[in-house]
There are 2 protein chains.
Amino acid sequence: MDTPASADREGISRIERMCIERGLKMTGQRRLIARVLSESEDHPDVEELYRRAVAQDSRISIATVYRTVRLLEEKGILERRDFGGGRARYDQADRGQHYHLIDVDTGKVIEFADPRHQALAQEIAARLGFELVDHRLEIFGRRFPEGKAPPGPRRPAKPQDET
Amino acid sequence: MDTPASADREGISRIERMCIERGLKMTGQRRLIARVLSESEDHPDVEELYRRAVAQDSRISIATVYRTVRLLEEKGILERRDFGGGRARYDQADRGQHYHLIDVDTGKVIEFADPRHQALAQEIAARLGFELVDHRLEIFGRRFPEGKAPPGPRRPAKPQDET
DNA sequence: ATAGGTGCAAAAAATTTGCTTGGAT
DNA sequence: ATCCAAGCAAATTTTTTGCACCTAT
């Protein structure tokens, strides 16, 4: 059968393009997940990705979502994160070095960049005899008391995103 | 019954003392876990803690280990860590601020301290309108090629400890 | 005495996998 | 046509929990 506009319709997502570059077989499901990911500004977990995907096309199973994020992580397209909610969450790998601040009261995650940490991490790795491969920094913080934020639990609320 | 030398025998572990300070009921199992933890220089997961505990006294179940580390975390005696191996790992909370470097080839974890990060994290939190509650830094590195370390997988080997 | 801890096994929760069918190349 | 992907459900893996019994206080 012919595939109408097989590879250059208006709607090729950024992540789909990365998949193609890496020679991945593009099924409808992968295309869908790629689109959902490309449109996501936050750090969804698999359950959430599945929800967003199903909303667009129900012909996808959660097993496929698991298999796909795993594949994309292996291909360096996604990075797996752990913000403490018990579920792995995913972040696009090509957004440049950035870090996360988690609001311990609300669980919201805020991204930030700071070039100084990179240099510091590099230096420390070298001091210990390693070359820097990657590094992660998570800051847990509490919004300055503008109202009255009661002292919350030590363990942050299940992380959610700022969106 | 009398407890011979109830609270000042040679063998009260550091963590047991912290438990007592916080008014926890000290059972044989808790004492044992406290001792195992106090003697651990690394970052064991629950399975490993269980193994070490059973080796000293088999009258303990893994459910109790889970319940106990959870309790100790709530009491601020332990901190839960995630180094990517799929299992939670535990670190004594009172060792001062320190960070971890994970060897991506071997999975070994090395601790280090660096006061500059604390200041930086503080400053960043403030800039974003938060007060600093906690922060974590993990560096993933590869030992400098003294032999020939082939480029390994992106995901580190299941973290093990340096011990 | 009694509140709370423990063991055991079952339940949950998150993720992976075997197998058959379906679809991309 | 071939090989890999997807669906589904069962299996794994990690952690939690219900309940009857036991123990530190």
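Throughout, protein chains are lettered first and strands after them, A, B, ... in sequence-line order, and every chain is numbered starting at 1.
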Look at the side chain of [X] and decide which nucleotide, out of [options], has an atom nearest to it.
| X | options | value |
| --- | --- | --- |
| A:Arg87 | D:dG7, C:dA14, D:dT17 | C:dA14 |
| A:Arg67 | C:dG18, C:dC8, C:dT6 | C:dG18 |
| A:Tyr66 | C:dT17, D:dT17, C:dT15 | C:dT15 |
| B:Ser61 | C:dC8, C:dT16, C:dG5 | C:dC8 |
| A:Thr27 | C:dA24, D:dT23, C:dG7 | C:dA24 |
| A:Ala63 | C:dT17, C:dG5, C:dA24 | C:dT17 |

Residue met sooner reading DNA chain D from 5', once B:Ala88 and A:Ile60 are mapped to nucleotides: A:Ile60

May I ask you to decide if [Y]'s main-chain N or O and [X]'s side chain share a donor-acceptor pair within less than 3.5 Å?
| X | Y | value |
| --- | --- | --- |
| B:Arg87 | B:Val46 | no |
| B:Arg116 | A:Leu120 | no |
| B:Arg89 | B:His43 | yes |

Salt bridge check, A:Glu48 against A:Arg52: does any charged N sit closer than 4.0 Å to a carboxylate O? yes

5'-most contact on DNA chain C: B:Gly28 or A:Val46, nearest heavy atom basis? B:Gly28

